[in-house]
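These figures come from a predicted structure and were not determined experimentally. The figures that follow rest on heavy atoms only: side chains count, while hydrogens, waters and symmetry mates do not.
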Amino acid sequence: MHKQYKSVSPTDDITVNTENGHLPKKNRYVRKEGHCNVVFRHVPEEWLLFVTDIFTTLVEIRWRVMFLIFALSYILSWLFFGILYWVIALVHGDMRDPTIDPCVYEVRSFTAAFLFSLETQTTIGYGFRGMSENCMIAIIVVTIQDVVSCFIDTFVIGIVVAKMASARKRAQTVGFSTRAVINLRDDHLCLSWRVGDFRRHHLVEGTACAQLVHTTVHTTGKMDVTYEDLAIQQKDIILVTPTTVCHRIEPSSPLYKMSLVDLRKANFELVVSFTYTDDCTGMLHQTRTSYTPPEILWGQLFQEMIRVTKRHYRVDYILFNHTAKVLVPEVSAEDYDHKKQLRPSPRHSPRLSPRSSPRPSPRSHRKNHEKLLKPPTVMVEFVTDSQPEPTVSTSQADTPQNTLTLPNDLTSKEM
């Protein structure tokens, strides 16, 4: 028994001999925190794509870059309209002749024009500078600046709110276990990992998915990336408490012919994701992570982290990543299923349970049937006149007999 089953941890020294020697270190396709380890180069019209979808671009950039862009948008708009007011005052002659009626009161320099633009766009209104009715062009410029100011404020507020409610921040509160495990469930080899929500506000609904990502590098430098889906037993999850997501290794699974030794030298990446809807914001989120073959523990089982108290269920997240060793065969699921088919079935015990009634044997049943069908025995006794009437003993009277008495005139010939 101990020779067939063994629990193995990633710290155990298991040597795998390959034709090419030691396997080189492989870069992750998806990092542990969920970000894709992909860099794009020489994208055609990259800046045009970013400008076309400016809202998404500003939501995805960092906070410090966003604050710099917003500050520059306000400062440049104040400067642009300040230059317009200064040009209008210069053309109208407000700076040369202080006695004429100006277009804008107390605007006789570029600094005064810039301050007037700032006060107009921010609606400060000190009461020292203001418009006059002498220049229609100045009135039109003030109107345009007010409209532009409303657009800038709306755009900035929308970007900040969308960035604060970004799905990336909510995805950080839903996490996966650092390791995946392989153990026996219902006499089947299963691949399992854990997912849990660290917030008290639970999710509305969620769907778990898993894929095997294979990367093949050819001698010519070409690299192929292939994906294989893994069937999950219960993919629709209501994540109230931490849940163990299970994939049964069946004949349709890509891991069906993979043993412990094959797993140690395999070149794939298990990418798992959990897509869910938040009940507070109603937004759709997705959390991702990946497991490499060294991070898949063979012969391990997640420890129970849910306890039932008198008032509620208690979840201890200290045990979220803790595993325990169990006995699991080192062979592949295909070999294990083949051995199960060759295993002899247990013999039934002849002893009967006290609740079950004994079943009659076919022989006794046949005897009872013949007894019921056996005809009754008829005894015939001849009685004549010269013979005395037979006396019946007490024992014979007590015992019933089938006796038939013939009349006296019946001769033996007629019999």
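- With Ser149 contributing its side chain and Gln121 its backbone, the two residues share a donor-acceptor pair below 3.5 Å.
- Closest approach of Ile296 to Arg264, counting heavy atoms only: O-NH1, 3.7 Å.
- Remark: the backbone N or O of Thr275 is not paired with any side-chain donor or acceptor of Thr207 at under 3.5 angstrom.
- In this structure the side chain of Ile182 never reaches within 4.5 angstrom of the side chain of Leu297, judged on heavy atoms.
- Between Ile88 and Val141, some side-chain heavy-atom pair lies under the 4.5 Å cut-off.
- In this structure the side chain of Leu255 reaches within 4.5 angstrom of the side chain of Leu191, judged on heavy atoms.
- Between the Lys222 side chain and the Val217 main chain, no donor and acceptor come within less than 3.5 Å of each other.
- Legend: residues meeting disulfide (SG to SG under 2.5 Å) with Cys135, ordered by chain and number and at least two apart, are Cys103.
- Residues Leu58 and Phe70 are in side-chain contact: their nearest non-hydrogen atoms beyond the backbone lie under 4.5 Å apart.
- Atoms NE2 and CD, from His188 and Glu250 in turn, are 6.5 Å apart once rounded to the nearest 0.5 Å.
- Under a 3.5 Å cut-off, the side chain of Asp316 and the backbone N or O of Ile318 do form a donor-acceptor pair.
- Remark: His338 NE2 is loosely packed, at most 12 non-hydrogen atoms of other residues, nucleotides or ligands lying under 6.0 Å away.
- Thr122 contributes a side-chain N or O that, together with a main-chain N or O of Leu118, makes up a donor-acceptor pair within less than 3.5 Å.
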- Task: Dump the intermediate steps for side-chain contact (heavy atoms from CB on, under 4.5 Å) on Val30 and Thr289, then the final yes or no.
- Result: CA-CA 6 Å; Val30 177; Thr289 190; over 6 Å; no
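- When atom types are taken as modelled, the side chain of Gln303 and the backbone of Leu319 share no donor-acceptor pair closer than 3.5 angstrom.
- For the pair Arg179 and Thr323, the minimum side-chain heavy-atom distance is 4.5 Å or more.
- When every heavy atom of Trp193 is checked against every heavy atom of Ala210, the shortest pair comes out as CH2-CB, 3.6 Å.
- Among all heavy-atom pairs drawn from Cys190 and Arg248, the shortest one is SG-CA, 3.9 Å.
- Shown are Phe110, Tyr85, Trp86, Trp78; of these, the ring pair (Phe, Tyr, Trp, His ring centres under 6.0 Å) with Phe116 is made only by Tyr85.
- With contacts defined as side-chain heavy-atom distances shorter than 4.5 Å, the pair Met131/Val104 qualifies.
- For Tyr313, the OH atom is loosely surrounded, since the number of other residues' heavy atoms within 6.0 Å does not exceed 12.
- Between Val59 and Lys163, the shortest heavy-atom distance links the atoms O-NZ, 2.9 Å.
- Residues Leu284 and Gln286 are not in side-chain contact: their nearest non-hydrogen atoms beyond the backbone lie 4.5 Å or more apart.
- Within the structure, side chain to side chain donor-acceptor pair (under 3.5 Å) pairs that include any residue of residues 133-144 do not occur (at least two apart or interchain).
- Using a distance-only test at 3.5 Å, with no hydrogens or angles considered, no donor-acceptor pair links the side chain of His247 to the main chain of Ile232.
- The two residues Thr243 and Thr241 have their closest heavy-atom pair at OG1-O, 3.1 Å.
- His214 and Phe268 have tilted rings, their planes meeting at an angle from 30° to 60° on a 0 to 90° scale.
- Asp197 is not listed as a side-chain neighbour of Phe274, based on a closest heavy-atom distance of 4.5 Å or more.
- Taking every heavy atom of both residues into account, Trp298 and Met258 meet most closely at CH2-O, 3.8 Å.
- Using a 30° and 60° split on the angle between ring planes, His285 and Tyr276 fall in the parallel class, below 30°.
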